[in-house]
Enquirer: 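This structure is in structure tokens; I'll ask about it shortly.
Side-chain atoms are counted along with the backbone in the values below, which use heavy atoms only and exclude waters and symmetry mates.
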Amino acid sequence: MSKVKDFLAEAGVFFLATVDGSQPKLRPLGAFLETDGKLLFGVGDFKNVYRQMTVNPLVELVACKPNGHWLRYTGRAVFETDETYAAQMIKKSGLEAIYNEQTGNKLMVFHLEDATAVEIAVMGEGENLL
């Protein structure tokens, strides 16, 4: 898992792909948290991405590094029930203005299960990172 974490940290921004009906949807993310042996990500409960993931939890994260290598991290999104993860992610990522009692917005934290992670060189074979 640390290889995936290191890749995401170096890339900075990564993209989360979901499905809305039969239409793929892609959006940039940057916040993640490694704790308890899991990589955790978050989406707002008020966003379409959260609704899409509750209907179809199969997602993919993609990131690119400046050297042209890219990561494909695929799995089934499982939302966490422990709210301390959301509090940690909000604080670490500076998202307090978006997720607080005044706005009523809630950060829904998830990790990937049944996951695969492959680092792919521009002109090469993929390397399994898990």
Enquirer: Kindly give the heavy-atom pair with the smallest separation between K5 and E34, and that separation in Å.
Expert: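 Between these two residues, the closest heavy atoms are CD-OE1, 2.7 Å.
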Enquirer: Return the NZ to CG distance between K3 and N128, rounded to the nearest 0.5 Å.
Expert: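 One finds 9.0 Å between NZ of K3 and CG of N128.
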Enquirer: Under 4.5 Å between side-chain heavy atoms, counting indirect links through other Ile/Leu/Val/Met/Phe/Trp/Tyr residues: same cluster for I98 and I90 or not?
Expert: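 Same cluster: I98 reaches I90 through Ile, Leu, Val, Met, Phe, Trp or Tyr contacts under 4.5 Å.
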Enquirer: Quick check: are there more than 12 heavy atoms from other residues, nucleotides or ligands sitting under 6.0 Å from CD of E113?
Expert: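 Count over threshold, so yes.
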Enquirer: Which atom names give the shortest non-hydrogen contact between A117 and V4, and what distance separates them?
Expert: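 That closest heavy-atom pairing would be CB-CG2, 3.6 Å.
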Enquirer: Is there a donor-acceptor pair closer than 3.5 Å between any side-chain N or O of T103 and the backbone N or O of N105?
Expert: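 Confirmed, T103 side chain pairs with N105 backbone.
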Enquirer: Treat each ILVMFWY residue as a node, draw an edge where side-chain heavy atoms are under 4.5 Å apart, and state whether V49 and F15 are in one component.
Expert: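 No.
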Enquirer: When rounded to the nearest 0.5 angstrom, what distance separates CG in D114 from CG in L58?
Expert: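 Taking CG in D114 and CG in L58, the distance rounds to 9.0 Å.
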Enquirer: Answer with yes or no after comparing the ring centroid distance for F32 and Y73 against a 6.0 Å cut-off, counting only values under it.
Expert: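 So the answer is no for these two rings.
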Enquirer: Below 4.5 Å, heavy atoms only, C-beta onward: do F7 and F14 meet side chain to side chain?
Expert: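 A side-chain contact is absent here, since even the closest heavy-atom pair is not under 4.5 Å.
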Enquirer: Residues in salt bridge (Lys or Arg N to Asp or Glu O under 4.0 Å) with K65, at least two apart?
Expert: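 Result, salt bridge (Lys or Arg N to Asp or Glu O under 4.0 Å) vs K65: E10, E119.
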Enquirer: Rounded to the nearest 0.5 Å, how far does CG of L107 lie from CD of E96?
Expert: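 E96 atom CD to L107 atom CG measures 11.0 Å (nearest 0.5 Å).
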Enquirer: For a quick test of reading the model, state the closest non-hydrogen atom pair linking V13 to P28 and the distance between them.
Expert: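 Looking at all heavy atoms of both residues, the shortest contact is CG1-CB, 3.9 Å.
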Enquirer: Kindly indicate, with the supporting measurements, whether the criterion side-chain contact (heavy atoms from CB on, under 4.5 Å) is fulfilled by F41 and V59.
Expert: CA-CA 12 Å; F41 307 92; V59 300; over 6 Å; no
Enquirer: Under the side-chain contact (heavy atoms from CB on, under 4.5 Å) criterion, do K92 and L33 qualify, and how do the steps go?
Expert: CA-CA 8 Å; K92 178 186 179 227; L33 178 68; 3.9 Å; yes
Enquirer: Is there a side-chain contact (heavy atoms from CB on, under 4.5 Å) between L39 and L8? Walk through the geometry before answering.
Expert: CA-CA 10 Å; L39 279 179; L8 292 174; 4.3 Å; yes
Enquirer: For a 4.5 angstrom cut-off between non-hydrogen side-chain atoms, does L16 reach M53?
Expert: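 Of all side-chain heavy-atom pairs linking M53 with L16, at least one is under 4.5 Å.
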Enquirer: Check T74 against R72 and note the closest heavy-atom contact, atom names and distance.
Expert: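 Nearest heavy atoms, T74 then R72: OG1-CG, 3.6 Å.
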Enquirer: Nearest heavy-atom pair of W70 and C64: which atoms, and what distance?
Expert: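 Answer, listing the atom of W70 first, then C64: CB-SG, 3.9 Å.
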Enquirer: Does any non-hydrogen side-chain atom of D20 lie less than 4.5 Å from one of N48?
Expert: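 They are not in contact (no side-chain heavy atoms under 4.5 Å apart), so the answer is no.
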Enquirer: How about Y85 and F79: do any of their side-chain heavy atoms sit closer than 4.5 Å?
Expert: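 Side chain of Y85 against side chain of F79, heavy atoms only: no contact under 4.5 Å found.
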Enquirer: After noting the C-alpha distance and the side-chain angles of D36 and D82, does the key distance pass the side-chain contact (heavy atoms from CB on, under 4.5 Å) rule?
Expert: CA-CA 12 Å; D36 298 332; D82 185 345; 5.9 Å; no
Enquirer: Mind checking whether Y50 and L29 sit in one hydrophobic cluster, side chains of I, L, V, M, F, W, Y counted as touching below 4.5 Å?
Expert: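 In one cluster: yes.
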Enquirer: Do M108 and K47 come within less than 4.5 Å of each other through their side chains, counting heavy atoms only?
Expert: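 They are not in contact (no side-chain heavy atoms under 4.5 Å apart), so the answer is no.
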Enquirer: Does the side chain of T18 come under 3.5 Å of the side chain of R27 through a donor N or O and an acceptor N or O?
Expert: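 Side-chain D/A pair, T18 to R27: present.
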Enquirer: Decide if atom NZ of K106 counts as having more than 12 heavy atoms of other residues, nucleotides or ligands within a radius under 6.0 Å.
Expert: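 For K106, atom NZ is not crowded (no more than 12 foreign heavy atoms under 6.0 Å).
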Enquirer: Between A115 and L112, which heavy-atom pair has the shortest distance, and what is it?
Expert: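 Answer, listing the atom of A115 first, then L112: CB-CB, 4.0 Å.
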Enquirer: CD/E60 to OG1/T116 distance, rounded to the nearest 0.5 angstrom?
Expert: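 Here the interatomic distance stands at 7.5 Å.
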Enquirer: Side chains of M89 and L40: closer than 4.5 Å at any heavy-atom pair?
Expert: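 The answer is yes, as the side chains (C-beta and beyond) meet within the 4.5 Å cut-off.
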